[in-house]
Amino acid sequence: MIDIDLFRKNPEIFREEIKKRNMKINIDEDLEFDAARRKLISEVDELRALKNENSKKMPKLSGSERELAISEMKKINERLDSMEKELQEKNEDFNSRLANYPNISHKTAPVGRDENDNVPIFFYGNKPEFDFEIKNHIELGKSLDILDDEKGAQVSGARFVYLKNEAVFLEFALINYVLNILYSKGFSPVIPPVLVKERAMYGTGFLPAEKNQYYKIESDELYLVGTAEVPLCSYHADDILEMNSLPVKYCGFSTCFRREAGSYGKDMGGMFRVHQFDKIEMFIFSRPENSWDDYEFLRETLEEIFRGLGFHYRILNMCTGDIGSPNAKKYDLEAWLPGQGAYRELASCSNDTDYQARRLNIKYKDNDNNKDFVHTMNSTACAVGRTLIAIYENYQDSKGNIRIPEVLLPYMNGIEIISAKKK
RNA sequence: GGAGAGGUGGCAGAGCGGUUGAAUGCGGCGGUCUUGAAAACCGUUGAGGGUUUGUGCCCUCCGUGAGUUCGAAUCUCACCCUCUCCGCCA
């Protein structure tokens, strides 16, 4: 949600922002709508004041005086009823108009149309070289019996997979490795609910913008989360945090569910784009004045995790046309996947400034009891499926085996290499 | 799932259908007293919105929504949530 005061006083800020993001919103129409709505609020308030005044006199009246006052009040009520109804409609309309407004992008976010305008700002490591014919993660996974997407499709449909054998140990090893790093950096580990109410989806900005991307349980009015960001952010809905407790840092492990509507035919097979995957997400509640420092800390933490795994990756500064509407700025981490011969997104790190905080009413108070909205930011710490792909493809050898990255060895129960099973 | 109890301000806890935004206690803040602190005493202490910057006025909010009434925290209905007991269960 945007700052409505700012919107009224400086609509040109939003005019520019909407242009930057290639969005189409009629600002003038919304401003006029707001003015009309506020006029109606004043009128309703006035009539209510009159009603309250008359009400107070009522106990003192009797007989015909009383009869007259009552009939007077009935007339007022008739008018008030229709005005209140109209106001409610106007409010709902206005709120849904406002909900479509994006956050104001940071000055360091590059202006651009689409993914082609994202700016690579940093590269780590080098592309690994192989002196044999490499396989992609699907070939590796199937031949080593650690991935089965056919059975996944049979039981649940396309874009569902089974992880098997060493892949399962690898997932838990990754989780351990990542949680240990994050815990040492002051992130509180959380396992949140993955079914949430509509408010949590709206509050975090995933609705209404990406309505088709998420599963809804119609019978219970609940949504399956696409990321732990949703329950982590909503955890502090309506809270007022102590300034001295900020930044508050959480890392949440959850299964994530995405419908992937509209991505037909993209990344089919394997586990790059699946309806269900596990992920550890970092989430920070921050003071506005420290927000951008905390955000860089988040990016550094993300990079530390992937450097430990030894991947070659690049960081993209995402352009205004490609960031989500709640984001003021977003970095993507794209790792090199030899099997695809391409950099692919493994993680995403966003600062949403006060956008989610406004929607979910998350504030902090300083030592003088002044209250203001916190800033919220989130980053992938480890999307397990995609990280496994990167491990498989980067750590394969000429025999089609997969070595275990060194940092994961302590969590692998002695498994150092994944080899074909003897039948 | 069945039976019962309850949802009021930061917390605890009152509240005859009209002057209750809401008693009282605790906590918080300010002050008096004190070398300082505690105690005691006095005062103060919710959120959101509209209008206005004459800094006041006005509106809304007692789980949520609907209803009765001129008027609802108070009455009716539905829903949600919490607690206790029973059943079932990883």
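All values derive from a computational prediction rather than experimental measurement. Letters A, B, ... are given to chains in the order of the sequence lines, protein chains preceding strands, and every chain is numbered from 1.
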Closest to the [X] side chain: [options]?
| X | options | value |
| --- | --- | --- |
| A:Lys363 | B:rC58, B:rC70, B:rA47 | B:rA47 |
| A:Asp45 | B:rC58, B:rC70, B:rU51 | B:rC58 |
| A:Met58 | B:rC70, B:rG50, B:rU60 | B:rC70 |
| A:Asn77 | B:rC59, B:rG50, B:rG71 | B:rG71 |
| A:Asn52 | B:rA47, B:rU60, B:rG71 | B:rU60 |
| A:Arg8 | B:rG50, B:rC70, B:rU60 | B:rG50 |
| A:Arg66 | B:rC70, B:rG50, B:rG48 | B:rC70 |

Can you see if the side chain of [X] gets near the phosphate of [N] - specifically, an N or O under 4.0 Å from OP1 or OP2?
| X | N | answer |
| --- | --- | --- |
| A:Lys74 | B:rG71 | no |
| A:Arg38 | B:rU51 | yes |
| A:Lys56 | B:rU19 | no |

Charged N-O contact under 4.0 Å between [X] and [Y]:
| X | Y | value |
| --- | --- | --- |
| A:Glu43 | A:Lys39 | yes |
| A:Asp293 | A:Arg287 | no |
| A:Arg199 | A:Asp238 | yes |

Sticking with atom [atom1], work out how far [N] lies from [M], rounded to a whole angstrom.
| N | M | atom1 | answer |
| --- | --- | --- | --- |
| B:rU34 | B:rG50 | C1' | 48 Å |
| B:rA47 | B:rC11 | P | 13 Å |
| B:rG46 | B:rU35 | P | 35 Å |
| B:rG28 | B:rG10 | C1' | 8 Å |
| B:rU20 | B:rU8 | C1' | 12 Å |
| B:rC16 | B:rG71 | C1' | 16 Å |
| B:rU45 | B:rA22 | P | 10 Å |
| B:rC89 | B:rU74 | C1' | 42 Å |

Please confirm whether [X] and [Y] have ring centers closer than 6.0 angstrom.
| X | Y | value |
| --- | --- | --- |
| A:Phe7 | A:Tyr101 | yes |
| A:Phe283 | A:His236 | no |
| A:Tyr364 | A:Phe285 | no |

Under a 3.5 Å cut-off for both distances, is [N] Watson-Crick or wobble paired, and to whom?
| N | value |
| --- | --- |
| B:rG7 | B:rC80 |
| B:rC88 | none |
| B:rU55 | none |
| B:rC70 | B:rG18 |

[X] [atom1] - [N] [atom2] separation (whole Å):
| X | N | atom1 | atom2 | answer |
| --- | --- | --- | --- | --- |
| A:Met83 | B:rC59 | CE | C1' | 12 Å |
| A:Asn54 | B:rC59 | CG | P | 12 Å |
| A:Leu87 | B:rC61 | CG | P | 13 Å |
| A:Asp5 | B:rU51 | CG | C1' | 13 Å |

